[in-house]
Structure formats: structure tokens, C-alpha cells
Number of protein chains: 2
Amino acid sequence: MKRHTTIEDVAKAAGVSKSTVSRALNNASRISIETRERVLRIAEELKFEPSHIARSLSTRRTMTVGVLLEDILNSFFTEVAKGVETVVKKAGYTMLLTSSDYDLEEEYRLTRILVRNKVDGILITPIREDSKAIEFLKSRHIPFFMMNNKSEDPDVSWVDTENIEGGYIGAKYLTDLGHRRMMYIGSDKLRGTRERFEGFRKALEEKGIPLDDQLILGDVNAQKEGYALMNRFLEKEGVSSLPTAIMTVNDAVAIGVLESLIEHNVKIPEDVSLLGFDDINIAGLIRVPLTTVHQPKFAMGEVASYMLINAIEGQARTRAQQFLLKPHLVVRESCRELS
Amino acid sequence: MKRHTTIEDVAKAAGVSKSTVSRALNNASRISIETRERVLRIAEELKFEPSHIARSLSTRRTMTVGVLLEDILNSFFTEVAKGVETVVKKAGYTMLLTSSDYDLEEEYRLTRILVRNKVDGILITPIREDSKAIEFLKSRHIPFFMMNNKSEDPDVSWVDTENIEGGYIGAKYLTDLGHRRMMYIGSDKLRGTRERFEGFRKALEEKGIPLDDQLILGDVNAQKEGYALMNRFLEKEGVSSLPTAIMTVNDAVAIGVLESLIEHNVKIPEDVSLLGFDDINIAGLIRVPLTTVHQPKFAMGEVASYMLINAIEGQARTRAQQFLLKPHLVVRESCRELS
DNA sequence: TTGTACGCGTTATCAA
DNA sequence: TTGATAACGCGTACAA
């Protein structure tokens with residue numbers, strides 16, 4: 001059974017006590033330059049790596065933040081994570097990344113695992129703002145920050161895009177192009193979708209377009225699901241029952257839908273206009289460059305992690321904070337004007 | 001200063017000792033049903049979460065595996081990670097995900113952080129098979145498994161695609177289409193690229209096409225870099241000096257290159273044929289559906305993590321293992337036959 | 001400036 | 001079936 005080198009080994013090799021080694025590694029003060037350098041040299045020779053575990057147990061700090069995303073295969077989330085990583089790393093923290101795949105039980109399970117791991121704080125894109133995971137974090141007084149969702153609770157901090165406005169911008173663009181009969185694909189279980197749909201509704205109302213005529217298709221979040229849903233629809237209802245425009249809850253779903261449409265020989269945007277949401281890095285490069293509503297993803301990760309670390313390290317009990325990010329339309333080639 | 005509930009608190013509340021609580025939580029044996037259920041109930045009431053930190057310190061196991069990727073924004077790697085997550089989760093482990101961004105120093109730094117965190121094992125897509133990070137892992141006898149790379153060292157376990165064959169398949173396809181003057185974009189610093197290029201060379205040799213006529217452009221791995229490189233090339237050399245076909249080291253780079261070409265009004269595949277590598281999930285959906293060499297990404301993650309956990313948990317000192325995965329060509333629309 | 005001794009929260013060992 | 005006690009490896013008052 002091989003054991004790793006401990007602080008004790010270094011101490012012996014240097015002929016000093018554990019505390020001296022510890023001071024040499026952390027506390028620059030209260031130690032003579034000579035012994036400090038000698039200890040450091042010996043530690044390096046022995047390839048000593050201080051046990052993060054033991055250190056955390058002692059200091060009650062782990063210097064890690066847990067990041068719990070909904071779908072790691074959707075680059076919306078990895079772009080957010082990239083923003084997180086940037087600021088977190090600069091502050092000396094490590095991020096622990098996991099993904100719930102939109103499964104509430106899994107989200108709860110992973111949250112508890114993060115807490116067991118004693119992360120200093122948690123960044124989460126919650127499936128629902130009132131999920132068990134959120135309740136758990138609140139009751140345990142774990143510093144956390146919601147991303148890509150909102151909460152009515154004034155004690156909860158979050159950063160989110162103005163989804164109603166985003167939905168409105170997108171739908172207004174479609175109605176301005178002359179579309180009257182549309183399909184909205186998303187998940188009514190998610191607040192973000194509901195808000196985007198609310199904006200969609202608002203835009204239609206303004207033009208006096210009845211909502212009853214619209215097709216609302218739900219519970220879809222991931223690319224695969226969008227693909228499967230559209231396949232089912234086309235096989236059941238046929239191409240002829242397609243509306244003139246489709247708005248999806250995010251680009252991943254839009255791409256899945258696009259894939260299905262192409263396989264069924266539906267031309268975009270000639271036969272159907274397609275509008276996404278998020279503006280993920282690939283959106284402009286897919287077969288039909290996707291017109292979509294841009295979300296500031298990287299900034300979302302930056303803001304959330306910056307504020308979380310503030311809360312972790314802040315001495316005074318700071319108030320919860322909320323941030324709204326502005327979306328904007330990015331016009332590409334997936335929508336056409338109706339003649 | 002708020003403290004979390006510990007095993008001690010539960011013990012007091014239940015009127016038993018720490019050891020009994022511990023047994024109730026882990027060891028089903030050697031404890032009476034009644035006390036066990038009572039303890040568990042009380043633990044639940046107190047929302048007790050055992051400290052993973054303390055447990056790890058005691059058991060010398062963390063039940064986490066570190067996953068160190070090269071580029072988290074390239075979905076090749078997240079697809080591999082998805083494969084890892086699947087088997088790792090089933091075995092009760094958590095994965096700790098990080099990304100080096102092709103930076104050797106960063107790779108080394110992150111490796112040491114993972115070791116400090118006392119992960120039970122490490123899965124790594126190493127930038128180089130002989131990097132400091134790998135040396136470090138070997139010298140410290142940390143169980144690890146290389147993905148997406150090979151090693152001559154018989155003690156090192158790895159899983160990789162047959163890159164030479166992959167490069168050959170791709171280049172042969174291009175030469176069969178009649179291409180004679182090509183451009184190869186990758187990084188000669190990476191073994192995978194060198195191997196793929198070796199296959200490229202082999203295919204050209206078979207047809208008697210001189211290698212000297214080919215343009216070899218290096219150090220490019222990520223989408224952004226591919227985009228920047230092609231921009232520089234076009235601005236310096238002009239569109240007229242473009243070859244008839246471009247082969248890239250991976251799809252991410254191909255997409256970046258495509259982006260640049262489109263902006264310069266170069267038509268794919270009419271003006272230039274473009275061939276990728278990896279077959280990432282988006283490859284078939286980009287503006288010009290990408291003809292590419294498929295790698296079994298998910299399987300790569302599965303094999304590596306399965307074997308790593310075997311090594312971690314295996315009692316007998318198992319030999320190092322090597323796996324070669326077969327690539328195959330996926331023909332889409334980004335290459336054309338030369339008349 | 002350095003060393004001693006204790007605490008962090010859990011599991012493992014050995015008695016009872 | 002239970003409980004007391006010693007690890008696990010590090011940081012840190014407090015003492016020297």
C-alpha cells in the first residue's frame with residue numbers, strides 16, 4: 001500500500017516541525033527567509049502536494065464552487081460555464097461542473113452531492129425556481145446564485161435574460177414579416193419558456209392575431225428532443241399542417257427541429273421560417289444560418305460567479321442581488337417575409 | 001458563525017454514539033433494525049449531510065474522478081465527457097471536469113489541483129503524451145487513463161482512434177475525387193494531428209502526388225483559431241492561392257475555416273472542398289453539411305472510465321491497457337469531385 | 001522565529 | 001449490538 005508524502009514527511013526531511021512547513025507554504029509571515037526557502041525546496045523535491053481534503057477540513061473552506069447546469073451538451077450552458085470559469089479561476093477557485101439533464105430528482109441529488117463535497121458556493125441554472133434543490137440550498141444557508149432563471153423570493157440572487165422581451169422581440173419580428181399562424185416549441189414546465197411565450201403572446205396580441213390559431217408544443221428542451229418531436233409531428237400530422245413559422249425555446253431545439261425538417265424535405269425559410277433563442281456559437285453556421293434572439297451567455301456566467309464569490313468572501317451579510325440582461329435579435333437567414 | 005450539523009449532533013439527538021450513527025448510515029450490518037431506523041429518521045429531520053471531506057480523509061477515497069479535457073467549447077470533448085459521466089455515475093462516482101485550453105502549463109497546474117483534491121483517478125486527453133502532467137501522474141502512481149492520445153510507454157493505459165487510418169481514409173477520399181493540391185490545417189505539436197497527417201501523406205504517396213505541393217498550416221486546434229488562421233491566409237495570400245481541397249485536424253477547426261471562407265465569398269464545395277475530423281454532433285447541420293471522419297467519442301469516454309474504475313477498485317495490479325477505435329468516413333456535402 | 005497540542009468530521013479498531 | 005478512542009493530514013492558537 002503506497003502512501004503519499006505528507007507535511008510530516010517534508011518536516012522530517014527539513015528537520016523542522018509541521019507548523020513551520022505549513023507556514024512556509026501559506027503564511028509568508030512569521031518565518032525566516034532561509035528556512036522558508038529551504039522548506040519550499042525540499043517540498044518541491046519530494047513533489048509534495050498538500051491535501052486539499054485535509055486543508056479543507058481544517059479551514060472549513062474548499063475553494064471550489066459547484067456549477068450545476070441543465071444540459072452539458074447544449075453549448076449555451078458551456079458558454080455560460082466558460083464565463084464562470086474565467087472569473088472563478090482568477091479568484092483562486094476551482095469549479096466543479098455537473099449537469100442534471102433537466103431531471104428534477106437528478107438536480108436534487110447532485111445538489112446534495114455538492115453540499116456533501118462542501119463547496120463554498122453553488123451556481124445553478126435551476127430547472128424550476130422552486131425546486132427541491134433550491135429549497136434545500138436555502139434551508140442549509142449555502143451561498144448560491146441562480147443563473148438563467150428568476151425568483152420572486154427577495155432573498156434569492158439571480159441573473160437572467162429579459163425573457164419576456166426576448167420572446168416579444170422574436171415574435172414581433174415574425175409578425176412583422178407577415179406570419180399569422182405559428183408554432184411555439186418549448187416546455188411549459190420551465191419558467192424561461194413560459195416567459196418567452198408570454199412575450200410571444202404579447203406580440204401577437206398587439207397585432208390582433210388570435211392565440212387559438214397557434215400550435216403550442218411542449219416539453220422539449222434538448223436538441224434530440226426537438227428532433228424527435230418534429231419527427232412525430234410530421235409523421236402524424238403531415239407536412240401540410242405545418243405553420244408558416246416556428247419559434248423554439250432555444251437554439252438547440254431549433255437545430256433538432258431543423259434536422260427533422262430537412263430530412264422531410266421541408267425548405268427553410270422557403271416553406272417554413274425558423275426562429276431560435278440563445279445565439280449559441282454555432283447558430284450562424286448551421287445549414288440555414290439561424291435567426292435568433294441573442295443572450296449574453298458569457299456575461300451571465302461572469303456576473304453570477306463574481307457576485308457569488310463576493311458573497312462567499314464578503315464579511316457583511318450582503319443583500320440578495322438580481323440582474324436582468326438585455327437580449328437582442330440577430331437576423332440571419334432562417335426567416336423569410338411572407339408575401 | 002453558523003455551523004452545519006455533524007454526525008455528533010445526530011448522535012446526541014438520537015442518544016447514541018458517533019459510531020452508531022456512522023454504522024446506521026453506511027454499514028447495514030452490526031446494528032439493530034430499530035436503532036438504525038431511528039437514527040436515519042433523526043438524521044433526515046436534522047437535514048444531516050455527511051461531510052464528504054471528512055469521510056475522504058478517513059477512508060482515503062473520494063469517489064470522484066478528475067476529467068481533464070483540452071477544450072470544453074469543442075463538443076468533441078463534451079461528447080467524450082458524456083460517455084465518461086454515464087459509466088462513472090453508475091459506479092457511484094462523481095466527475096470533476098476541467099479544461100486546459102491546449103495550454104501545457106495549465107494542464108500541469110490543473111493536474112496538480114486534481115491530485116491535491118485527491119481524486120481517485122484521472123481521465124485526461126493530454127496535449128502531449130509526454131507532458132509534465134503525465135510524468136507527474138506516473139511518478140505519483142495516480143491511476144489515470146489517457147483518452148484521444150497514445151503512448152509508447154507500456155505502463156500507460158490509453159484509448160484512441162486509429163488516426164493514421166482516419167487521416168488516410170479522408171485523404172484517399174479527396175484524392176479519389178481528383179484533388180491534387182491540398183491544404184492541411186492542424187497542429188504539428190499534437191500527436192493526433194501528426195498521425196492524421198501521416199495517413200494523409202500515405203494516401204498521397206499511393207497516388208504519386210508530391211507532398212511538396214501541399215500547404216501545411218499549423219498550430220491550430222480550436223474553432224476560433226481556425227477562423228483566425230484562414231482570415232490571415234486569405235488576407236495575405238488572397239483567394240486565388242487557395243488549393244482545391246482543405247483537410248482539417250478536427251471539425252471545430254473546419255467550422256472556423258468555413259466561417260472565414262464564407263465571409264470571403266468562397267463557395268464550398270464549388271470553389272474548395274472541405275473535410276473535417278471527429279463528426280461532432282453539429283457536423284451534419286452546419287451551413288455546408290460537413291464530410292468528415294467519424295470518431296466514436298461516446299464510446300471513448302465509456303471505455304476509458306470503465307477501465308479506470310476497474311483499475312481503481314481492482315485488487316490485483318492489472319496491466320496497462322490500450323484500445324484502438326476504428327474511424328469511418330461520413331460523406332455529406334462539403335467535398336466535390338474535381339472534373 | 002519555531003514547536004506543541006488541539007480541532008476539523010468522519011471511519012476503523014478494539015473493547016465492552 | 002454498541003461505545004470509546006485512535007487515526008486521516010492539515011492549520012493555528014498558544015507557548016517557548
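Because only heavy atoms are used, hydrogens play no part in the values below, and waters and symmetry mates are left out as well, while side chains stay in. Within every chain, numbering begins at 1; the chains are lettered A, B, ... in the order of the sequence lines, protein sequences first and strands thereafter. What you see is a predicted model, and the numbers here were worked out from it, not measured in a lab.
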Spacing of A/Glu8 atom CD relative to C/dG3 atom C1', expressed in whole Å: 12 Å
Side-chain polar contacts of residues 86-97 of chain B - donor-acceptor pairs under 3.5 angstrom, sequence neighbours left out - could you list them?
residue: B/Thr86; atom: OG1; partner: B/Lys82; partner atom: O; Å: 2.7
residue: B/Lys89; atom: NZ; partner: A/Glu106; partner atom: OE2; Å: 2.7
residue: B/Tyr93; atom: OH; partner: B/Arg61; partner atom: NH2; Å: 2.6
residue: B/Tyr93; atom: OH; partner: B/Glu313; partner atom: OE2; Å: 2.7

Enumerate, atom names and distances included, each donor-acceptor pair closer than 3.5 Å involving a side-chain atom of residues 63-71 of chain B, sequence neighbours excluded.
residue: B/Thr64; atom: OG1; partner: B/Thr62; partner atom: OG1; Å: 3.0
residue: B/Glu70; atom: OE1; partner: B/Thr125; partner atom: OG1; Å: 3.1
residue: B/Asp71; atom: OD1; partner: B/Leu73; partner atom: N; Å: 3.0

A/Ser58: partners by side chain to side chain contact (heavy atoms under 4.5 Å, CB included), with sequence neighbours left out: none
For A/Glu105, salt bridge (charged side-chain N to carboxylate O under 4.0 Å, His left out) partners two or more places apart: A/Lys132
Greater than 12 external heavy atoms within 6.0 Å of B/Tyr306's OH: no
Contact under 4.0 Å: A/Arg55 side-chain N or O vs C/dC8 OP1/OP2: no
side-chain N/O B/His4 vs C/dC8 OP1/OP2, d < 4.0 Å: no
OP1 or OP2 of D/dG11 under 4.0 Å from side-chain N/O of A/Ser22: yes
Of all pairs that satisfy salt bridge (Lys or Arg N to Asp or Glu O under 4.0 Å), the ones with a partner from residues 48-57 of chain A, not counting sequence neighbours: A/Glu49-B/Arg112, A/Glu49-B/Arg116
Partners meeting salt bridge (charged side-chain N to carboxylate O under 4.0 Å, His left out) with B/Glu152 (sequence neighbours left out): B/Arg191
Listed nucleotide nearest any side-chain atom of A/Thr6, set D/dC10, D/dT12, C/dG9: D/dC10
All N/O contacts under 3.5 Å from nucleotides 2-5 of chain D to the protein, with atom names and distances to one decimal?
residue: D/dT2; atom: OP1; partner: B/Ser32; partner atom: OG; Å: 3.2
residue: D/dT2; atom: OP1; partner: B/Thr35; partner atom: OG1; Å: 3.4
residue: D/dT2; atom: OP2; partner: B/Ser32; partner atom: N; Å: 3.4
residue: D/dT2; atom: OP2; partner: B/Thr35; partner atom: OG1; Å: 3.2
residue: D/dG3; atom: OP2; partner: B/Ser17; partner atom: N; Å: 3.0
residue: D/dG3; atom: OP2; partner: B/Ser17; partner atom: OG; Å: 3.1
residue: D/dG3; atom: OP2; partner: B/Thr20; partner atom: OG1; Å: 2.4
residue: D/dG3; atom: N7; partner: B/Arg23; partner atom: NH2; Å: 2.8
residue: D/dG3; atom: O6; partner: B/Arg23; partner atom: NH1; Å: 3.3
residue: D/dA4; atom: N7; partner: B/Ser19; partner atom: OG; Å: 3.4
residue: D/dA4; atom: N6; partner: B/Ser19; partner atom: OG; Å: 2.9

For B/Arg36, all residues meeting salt bridge (charged side-chain N to carboxylate O under 4.0 Å, His left out), sequence neighbours excluded: none
Axial bend angle, the helix from C/dT1-D/dA16 to C/dA16-D/dT1: five-pair end segments, nearest 10°: 40°
